[in-house]
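Excluded from the calculations below are hydrogen atoms, water molecules and symmetry mates; all remaining heavy atoms, backbone and side chain alike, are included. Naming convention: chains lettered A, B, ... in sequence-line order (proteins, then strands); numbering from 1 in each chain. As the structure is a computational prediction, the values presented were derived from the model and not from experiment.
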There are 4 protein chains.
Amino acid sequence: MATTEASPTAPAPESETQARRRGRQRSAETEQVILQVTRELLVECGVQGLTIEKVAARAGVAKTTIYRRWRDKDELALAVVLDMVEQVVKLPELGDTRAELLAFVNAAVKVLGSTLMGRVMQGLVSDLATDPELAQAFRDRVVSVRDGEVARLVERGIARGDLRPDTNPETAHELLIGPVYYRLLLSGRPLDRAFAKRNVEAVLRAFAPDPPTA
Amino acid sequence: MATTEASPTAPAPESETQARRRGRQRSAETEQVILQVTRELLVECGVQGLTIEKVAARAGVAKTTIYRRWRDKDELALAVVLDMVEQVVKLPELGDTRAELLAFVNAAVKVLGSTLMGRVMQGLVSDLATDPELAQAFRDRVVSVRDGEVARLVERGIARGDLRPDTNPETAHELLIGPVYYRLLLSGRPLDRAFAKRNVEAVLRAFAPDPPTA
Amino acid sequence: MATTEASPTAPAPESETQARRRGRQRSAETEQVILQVTRELLVECGVQGLTIEKVAARAGVAKTTIYRRWRDKDELALAVVLDMVEQVVKLPELGDTRAELLAFVNAAVKVLGSTLMGRVMQGLVSDLATDPELAQAFRDRVVSVRDGEVARLVERGIARGDLRPDTNPETAHELLIGPVYYRLLLSGRPLDRAFAKRNVEAVLRAFAPDPPTA
Amino acid sequence: MATTEASPTAPAPESETQARRRGRQRSAETEQVILQVTRELLVECGVQGLTIEKVAARAGVAKTTIYRRWRDKDELALAVVLDMVEQVVKLPELGDTRAELLAFVNAAVKVLGSTLMGRVMQGLVSDLATDPELAQAFRDRVVSVRDGEVARLVERGIARGDLRPDTNPETAHELLIGPVYYRLLLSGRPLDRAFAKRNVEAVLRAFAPDPPTA
DNA sequence: GACTAAGCGAGACGGTACGTCGCGTCTTAAA
DNA sequence: TTTAAGACGCGACGTACCGTCTCGCTTAGTC
């Protein structure tokens with residue numbers, strides 16, 4: 001039955017190397033056009049207002065061409081998100097724990113607050129709860145990547161003596177990023193550098209090593 | 001067009017005192033039946049699968065009767081959420097800052113983690129970004145209420161000497177609740193008491209008063 | 001069950017003379033307003049587009065006030081038609097059969113071709129087939145009245161020697177008026193005096209007395 | 001808006017020869033099922049009671065499949081009518097003018113008086129006034145076809161010396177058919193052979209050639 | 001070079017739900 | 001009692017997208 005077993009991530013990685021399928025090859029260009037149009041429509045209409053039919057029409061592409069690559073519109077939207085997230089650069093080692101934490105939060109604040117990523121995330125988040133595959137993909141590709149980054153960051157902070165040795169990286173991650181999404185999704189308060197700064201200071205205090213007892 | 005200017009909150013509270021409207025009154029009973037059925041369907045199908053037609057059918061009510069009160073299904077769903085949130089009891093003064101913070105976070109963790117509120121919030125959050133009226137209502141009725149509670153809690157903590165005098169209640173609120181929604185909506189990690197505990201401890205340290213310099 | 005047994009003609013003739021009902025009396029003015037608005041709407045929208053709700057709104061009257069007087073919109077429309085038909089004056093005796101026939105056809109051509117009667121009849125005719133009471137009323141008040149007129153006209157024509165003694169008045173009526181409605185309802189050809197003239201000439205020939213055999 | 005420019009007659013005959021449209025072809029079988037079901041429902045419920053939803057349900061077809069072919073229920077009903085009218089056979093040359101006229105009128109009397117065509121026409125006639133396209137189609141496909149037939153009939157009658165040379169075929173047509181529709185739509189009198197006979201005799205007299213002056 | 005298995009555009013198709021309109025009935029408070 | 005106002009159950013409307021399914025090309029391999 002299952003026509004194509006499109007993975008929830010990249011469109012049909014297939015059997016990797018070798019075994020080049022016979023018949024006409026899927027056009028990579030078409031793929032890019034679809035993704036680009038999807039990006040545009042996500043900005044204009046949100047995930048809610050995104051429709052395969054609109055994408056197809058504006059991309060000058062048949063609906064089947066889209067369905068051949070992505071199972072449904074949520075998967076298409078996710079593909080766009082992952083595409084963007086993957087472009088988020090790794091955070092550099094700055095030698096200063098405060099600076100590194102700030103860089104981490106500011107990166108999130110910036111991408112969610114001033115690019116279409118924020119809009120897309122707002123629209124996508126409800127689908128994450130509905131579609132387990134989508135959720136899994138999001139967690140594997142975004143949450144756990146950030147988890148890893150924070151873990152390394154915390155490690156370095158501990159090594160430098162800036163953070164308590166028992167600092168739980170998961171808790172740190174949640175304290176750093178939770179408020180960001182809370183503003184984006186629920187309270188609607190602005191995502192700006194002052195907010196990031198305030199948040200980082202609190203987290204630093206929360207995990208500051210105990211002062212040496214005199 | 002504009003038949004009735006159904007408010008996004010309760011259905012048409014009107015001018016309250018006096019000026020009893022002419023014409024047949026809206027049945028309060030009907031209202032309750034609709035809300036109850038909506039609650040049930042939200043549990044069964046999620047916000048995604050909620051349908052005005054299903055609500056109407058199960059409530060034994062005409063679609064128009066629903067549309068007369070709520071503009072669309074999102075507004076109806078929100079009405080249910082607000083209805084439930086409003087029933088969330090005020091947190092009592094416990095005399096202990098740690099206990100009060102824990103009670104606050106645990107309340108959120110419990111309602112979002114083990115009632116249908118979690119499901120509903122997951123489904124609703126995307127609509128908050130789309131519909132400004134909905135968002136406003138949510139902020140007025142939920143966010144700012146919690147803001148107030150945290151502010152009082154922080155005040156008491158400062159008075160008791162448990163929190164630094166410059167503790168920013170908004171930041172505290174975001175650190176306490178942000179991670180809860182992050183788990184609910186994005187990371188999918190469990191909402192349990194251990195998580196609440198860990199979070200509260202971190203926040204307490206973040207806003208602990210400076211130790212007296214000897 | 002039957003709330004009001006509104007007759008299909010005039011609104012609620014009630015118990016005739018005497019026995020003035022207790023309570024507030026129905027306003028005759030209201031009646032006129034409703035009829036006038038109905039006339040207007042019939043012109044603007046046709047019977048098809050006529051709605052009780054529009055009538056009520058424009059007349060500044062409650063729907064119930066209309067339903068109290070007429071069973072439904074068809075009956076209301078018919079009331080307007082009958083109202084108009086009744087105003088059609090009796091044809092005078094002209095002393096000339098050709099002139100009388102022409103006057104008869106021309107009257108129909110004029111009222112159907114250049115007043116709203118034509119529009120109304122077009123819209124009403126489908127309902128005549130559906131609603132037997134309506135049909136009966138129409139036949140009693142319009143068809144048979146015309147029948148009578150034609151019968152007298154034919155009688156006079158026979159007396160004058162202009163028509164054969166065995167002239168069937170019903171056939172004459174149908175030949176005179178059938179083509180008029182055929183144009184109005186089906187062929188869409190113009191209703192003008194030339195058409196009337198041509199038609200009358202044919203009918204005159206059809207019923208001309210046999211020439212005296214020499 | 002304008003999805004397909006469904007013609008008011010047959011559903012999208014397109015450019016006929018060549019230029020086979022791309023995409024999946026419309027199923028001719030589906031078309032026939034819909035028309036058949038429509039015919040049935042017209043008999044059962046009349047045009048008034050005809051519903052796209054009922055047609056779709058009974059035909060086992062999606063509503064969209066119907067709307068893709070006909071703009072609305074009136075157009076669908078007309079399609080059925082035209083379909084039936086088109087099946088009305090051409091009148092044969094009988095060699096006798098009286099017989100030919102009788103055959104013509106009797107054909108109309110029969111189809112309108114004893115098949116569902118009568119019912120359908122009653123229901124449709126109001127829509128003819130509303131929808132110009134519908135009206136045009138009806139005139140092209142029904143009125144003018146009958147016009148042509150009568151014209152030929154009249155010609156032959158003149159050639160045979162049965163009709164006056166100046167017989168106006170349009171007037172003849174209207175005198176023959178007008179009374180039939182008058183009975184069907186307005187007076188409700190029976191459509192029978194006696195009526196047809198009487199009518200034809202009158203028309204024959206109306207267009208009888210002048211007797212040779214001795 | 002012919003064969004053949006996709007890819008591709010177009011668009012028909014069965015569905016589900018939408019939000020609207022108008023019906024005719026009913027309830028309410030005022031006149 | 002009538003009236004204006006308007007809630008109510010109901011049935012149908014015509015539309016929007018969904019995801020699937022033909023069609024008749026076009027394009028790339030493999031034989």
Results of side chain to side chain donor-acceptor pair (under 3.5 Å) for [X] - residues two or more places apart only:
X: T65(B); value: none
X: E53(A); value: K63(A)
X: Q48(D); value: none
X: T38(C); value: none

Return the value, rounded to whole Å, for the distance between atom [atom1] of [X] and atom [atom2] of [N].
X: E75(B); N: dC18(E); atom1: CD; atom2: P; value: 14 Å
X: L76(D); N: dG14(F); atom1: CG; atom2: P; value: 11 Å
X: Q48(B); N: dC18(E); atom1: CD; atom2: P; value: 12 Å
X: I66(D); N: dG15(E); atom1: CD1; atom2: P; value: 12 Å
X: D74(D); N: dC13(F); atom1: CG; atom2: P; value: 10 Å
X: Q25(D); N: dC13(E); atom1: CD; atom2: P; value: 10 Å
X: R71(A); N: dC17(F); atom1: CZ; atom2: P; value: 22 Å
X: W70(D); N: dG14(F); atom1: CH2; atom2: C1'; value: 16 Å

Quiz question: going by heavy-atom distance under 3.5 Å, is there a donor-acceptor pair between the base of dC8(F) and the side chain of R24(B)?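 When only heavy-atom distances are counted, R24(B) does not reach the base of dC8(F) through any donor-acceptor pair under 3.5 Å.
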
The helix from dG1(E)-dC31(F) to dA31(E)-dT1(F): angle between its terminal axes, five pairs each, to 10°?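 The two end axes of the helix from dG1(E)-dC31(F) to dA31(E)-dT1(F) meet at 10°.
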
Nucleotide nearest [X] (side chain, heavy atoms from C-beta), chosen from [options]:
X: T64(A); options: dG19(F), dC18(E), dC21(F); result: dC21(F)
X: V61(C); options: dT28(E), dA4(F), dC18(E); result: dA4(F)
X: Y67(C); options: dG19(F), dT2(F), dG24(E); result: dG24(E)

Given that E53(B) and A62(C) both sit by DNA chain F, which one's nearest nucleotide is further toward the 5' end?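 The residue closer to the strand's 5' end, by nearest nucleotide, is A62(C).
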
Let me know, please, whether I52(D) or I52(A) comes out on the 5' side of the other along DNA chain F by nearest nucleotide.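 First, find each residue's nearest nucleotide; the 5'-ward one identifies I52(D).
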
Between K63(D) and A28(D), who's closer to the 5' end of DNA chain E by nearest nucleotide?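 The residue mapped nearer the 5' terminus is A28(D).
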
Heavy-atom nearest nucleotide on DNA chain E for K54(C) versus G49(B): which residue maps closer to 5'?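 Result: G49(B).
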
With a 3.5 Å distance limit and no angle check, can you tell me whether D72(C) reaches the backbone of E75(C) through a side-chain donor-acceptor pair?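 Such a contact is found between D72(C) side chain and E75(C) backbone.
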
Is R68(A) near enough to dC8(E) that one of its side-chain N or O atoms lies under 4.0 angstrom from OP1 or OP2?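 It does, given that an N or O in the side chain of R68(A) lies less than 4.0 Å from OP1 or OP2 of dC8(E).
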
Do the side-chain N and O atoms of Q122(D) and R119(D) include a donor-acceptor pair separated by under 3.5 angstrom?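 The answer is no; no qualifying pair exists.
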
Non-neighbouring partners of K73(C) that pass salt bridge (Lys or Arg N to Asp or Glu O under 4.0 Å), sequence neighbours left out: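 So K73(C) forms no salt bridge (Lys or Arg N to Asp or Glu O under 4.0 Å) with any residue.
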
